[in-house]
J.: 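So that we are looking at the same thing, I have put the structure below in structure tokens.
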Amino acid sequence: MGFLQLLVVAVLASEHRVAGAAEVFGNSSEGLIEFSVGKFRYFELNRPFPEEAILHDISSNVTFLIFQIHSQYQNTTVSFSPTLLSNSSETGTASGLVFILRPEQSTCTWYLGTSGIQPVQNMAILLSYSERDPVPGGCNLEFDLDIDPNIYLEYNFFETTIKFAPANLGYARGVDPPPCDAGTDQDSRWRLQYDVYQYFLPENDLTEEMLLKHLQRMVSVPQVKASALKVVTLTANDKTSVSFSSLPGQGVIYNVIVWDPFLNTSAAYIPAHTYACSFEAGEGSCASLGRVSSKVFFTLFALLGFFICFFGHRFWKTELFFIGFIIMGFFFYILITRLTPIKYDDFIILAVWGMLAVSGITLQIRRERGRPFFPPHPYKLWKQERERRVTNILDPSYHIPPLRERLYGRLTQIKGLFQKEQPAGERTPLLL
């Protein structure tokens, strides 16, 4: 390494002052990945070659930065220093760090790498925030990083759970952060609120390009609010954990927006994604796992509705049962999928299903006009018939013997069938 390169590294190391960060020992012979605030960067990481990243010309009104790096399913590591320490690095498919800037700091460096065998395609971005913005993960007490803006995601076949660290109030450069548990009044971090957002990727598309493209809509506060569905709002008194129904094979992105209602400022955590399945070969993998999509579901229900409306009107009692079954099944599906967004073709299917339902109801109303909505109960019919027979002596059925006598007479007739027939002719004894 030449003298000039050593001088550059020494300058960068002297500028690198962040909370929890170790002194930087750069190796710029591999080159630097240069970033700009708010601009996405695509690049590839290889296991033997960790990369050094750098940001120049940081504005003086920026008090902290959030760096995040995303890959589809292979883990990558972001670290404050070349030496990986638990409290100064983060590893995963969606990882990031918070850089708390010191006064006059205008340059920031960090390190990127992967422990995987295969090269990893990544997308990364830096976002800047001011002293009025809340600090995501600024009051972390559960995870390893001192300030942890990451969302931790766990899933099984039935349930997906996300967890995140509480945020802290913003503060200026060179100022100590507000205490996290000194009080619960409106001047503390307890006034902060957390909006949890959910974003569904296009169905039946598990490509890396599609994921990284849509992740760009879940990074900054304005994009998240415009693109995703807000599913719940948590206060500082709530547990920072939310559970969802898993949708194996369906890509979903989650993010959390922390909001300071007193200053009306917000900041975004680092989004996390899942397909509720594994990209590794084997049981439960995403190449082999099939999921009945909403298109298939609504198509089958539309066909069933067509059959009921046009062929089931002759058996209208059964038709009512099936209509109830369809309606309950429709809402059960929505409940299971947690309000999965309905796309354009789904609206077409729903419109067809609605027209079939209206036509079936119209046909049934015309056919059943003038008839009671439901026929009388069979027990009531029998009771009315019995009372009519008791009071009407002119009714031939009034003279019918009681049931006991009729049964005895029937048994006598049956018994007579098994008796020997007497011979015809004279039966008196002969006189001698």
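For this chain, numbers begin at 1 and follow the sequence in order. Because the structure is a prediction, the values reported are computed rather than measured.
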J.: Is the backbone N or O of Glu131 less than 3.5 Å from a side-chain atom of Arg173, with the two atoms forming a donor-acceptor pair by type?
T.: no
J.: Taking Asn150 for its side chain and Gly96 for its backbone only, find out whether a donor-acceptor pair lies under 3.5 Å.
T.: yes
J.: Distance-only, no hydrogens or angles: does the Asn255 side chain make a donor-acceptor pair with backbone N or O of Met218 under 3.5 Å?
T.: yes
J.: Can a donor-acceptor pair be found, under 3.5 Å and without considering hydrogens, that links the side chain of Ser95 to the backbone of Val78?
T.: no
J.: Before you tell me yes or no, could you show the steps for Val196 and Gln198 under side-chain contact (heavy atoms from CB on, under 4.5 Å), namely the whole-Å CA-CA distance, both residues' side-chain angles and the distance that decides it to 0.1 Å?
T.: CA-CA 7 Å; Val196 181; Gln198 186 181 44; over 6 Å; no
J.: When you measure from the side chain of Tyr199 to the backbone of Leu215, do you find a donor-acceptor pair of N or O atoms at a distance under 3.5 Å?
T.: no
J.: Give me the atom names and distance for the closest heavy-atom approach of Pro271 to Ala94.
T.: O-CB, 3.2 Å
J.: Side-chain contact test, heavy atoms from C-beta onward, threshold under 4.5 Å: evaluate it for Val358 versus Met355 and give yes or no.
T.: no
J.: Show the numbers, then the answer: is there a side-chain contact (heavy atoms from CB on, under 4.5 Å) between Ile151 and Ile270?
T.: CA-CA 6 Å; Ile151 295 176; Ile270 296 175; 5.9 Å; no
J.: For the side chain of Gln250 and the backbone of Leu247, is there at least one donor-acceptor N/O pair under 3.5 Å apart?
T.: no
J.: So, the side chain of Asn140 versus the backbone of Leu145: is there a donor-acceptor pair under 3.5 Å, distance only?
T.: yes
J.: If you look at every heavy atom in Ala276 and Ser246, which pair is closest and at what distance?
T.: CB-CB, 4.1 Å
J.: What distance separates Ser266 OG from Asp195 CG, expressed to the nearest 0.5 Å?
T.: 7.5 Å
J.: Between Arg132 and Thr265, what is the shortest heavy-atom contact and its length?
T.: O-OG1, 2.8 Å
J.: In Å, rounded to the nearest 0.5 Å, how long is the span from CD of Glu154 to OG of Ser241?
T.: 8.5 Å
J.: Side-chain contact test, heavy atoms from C-beta onward, threshold under 4.5 Å: evaluate it for Pro178 versus Tyr171 and give yes or no.
T.: yes
J.: Between Thr240 (side chain only) and Lys163 (backbone N and O only), is there a donor and an acceptor less than 3.5 Å apart?
T.: no
J.: Quick one: CG on Leu234 to CZ on Phe164, what's the gap to the nearest 0.5 Å?
T.: 5.0 Å
J.: Would the distance check show the side chain of Ser227 and the main-chain N or O of Val224 forming a donor-acceptor pair, the cut-off being under 3.5 Å?
T.: no
J.: When Tyr194 is tested against each of Val232, Val242, Ile257, Val256 for side chain to side chain contact (heavy atoms under 4.5 Å, CB included), which residue passes?
T.: Val256
J.: Under 4.5 Å between any side-chain heavy atoms of Val62 and Leu101, yes or no?
T.: yes
J.: Between Ile125 and Gln68, does a side-chain contact (heavy atoms from CB on, under 4.5 Å) hold up when you go through it step by step?
T.: CA-CA 6 Å; Ile125 189 174; Gln68 53 188 277; 3.6 Å; yes
J.: Test side chain to side chain donor-acceptor pair (under 3.5 Å) on Thr161 and Ser243 and set out the steps.
T.: CA-CA 4 Å; Thr161 301; Ser243 295; 3.1 Å; yes
J.: Strictly distance-based, threshold 3.5 Å: is any side-chain N or O of His70 a donor or acceptor partner for the main-chain N or O of Leu212?
T.: no
J.: More than 12 foreign heavy atoms under 6.0 Å from CZ of Phe43: is that the case here?
T.: yes
J.: Under a 4.5 Å cut-off applied to non-hydrogen side-chain atoms, are Leu211 and His214 in contact?
T.: no
J.: Does the side chain of Ser36 come within less than 4.5 Å of Arg41's, by heavy atoms?
T.: no
J.: State, with a plain yes or no, whether a side-chain heavy atom of Val219 is found less than 4.5 Å away from one of Leu127.
T.: yes
J.: Please name all residues satisfying salt bridge (Lys or Arg N to Asp or Glu O under 4.0 Å) with Asp133, sequence neighbours left out, ordered by chain then number.
T.: none
J.: Using distance alone, with no hydrogens and no angle criterion, decide if Thr91 and Thr77 have a side-chain donor and acceptor under 3.5 Å apart.
T.: yes
J.: Hey, what do you get for OG1 (Thr107) to NE2 (His56), rounding to the nearest 0.5 Å?
T.: 6.0 Å
J.: Determine the minimum heavy-atom distance between Thr63 and Ala172, stating which atoms define it.
T.: CG2-CA, 4.1 Å
J.: Ring pair (Phe, Tyr, Trp, His ring centres under 6.0 Å) with Tyr254: which residues, sequence neighbours excluded?
T.: Phe244
J.: Are there over 12 heavy-atom neighbours, none belonging to Tyr42, within less than 6.0 Å of that residue's OH?
T.: yes
J.: Run Phe67 and Phe35 through ring-ring contact (aromatic ring centres under 6.0 Å, His included) and show every step you take.
T.: CA-CA 10 Å; Phe67 172 80; Phe35 283 89; 5.3 Å; yes
J.: Centres of the Phe99 and Phe80 rings: under 6.0 Å?
T.: yes
J.: For the atom pair CG (Leu45) and CG (Asn75), what is the distance rounded to the nearest 0.5 Å?
T.: 12.0 Å
J.: Check Arg189 with Asp181, please: is the shortest side-chain N to carboxylate O separation under 4.0 Å?
T.: yes
J.: Can a side-chain donor-acceptor contact be found between Gln74 and Ser71 if the only test is distance below 3.5 angstrom?
T.: no
J.: To check you understand the geometry: which heavy-atom pair defines the closest contact between Cys277 and Gly249, and what is its length?
T.: SG-N, 3.9 Å
J.: Decide yes or no for Pro136 and Val98: does some side-chain heavy atom of the first lie under 4.5 Å from some side-chain heavy atom of the second?
T.: no
J.: Of all the heavy-atom pairs spanning Leu97 and Pro149, show the shortest one and how long it is.
T.: C-CG, 4.2 Å
J.: Got Phe40 and Gln216 here, is their nearest side-chain heavy-atom distance under 4.5 Å?
T.: yes
J.: Using 0.5 Å steps for rounding, measure from the CD atom of Glu90 to the CG atom of Leu84.
T.: 11.5 Å
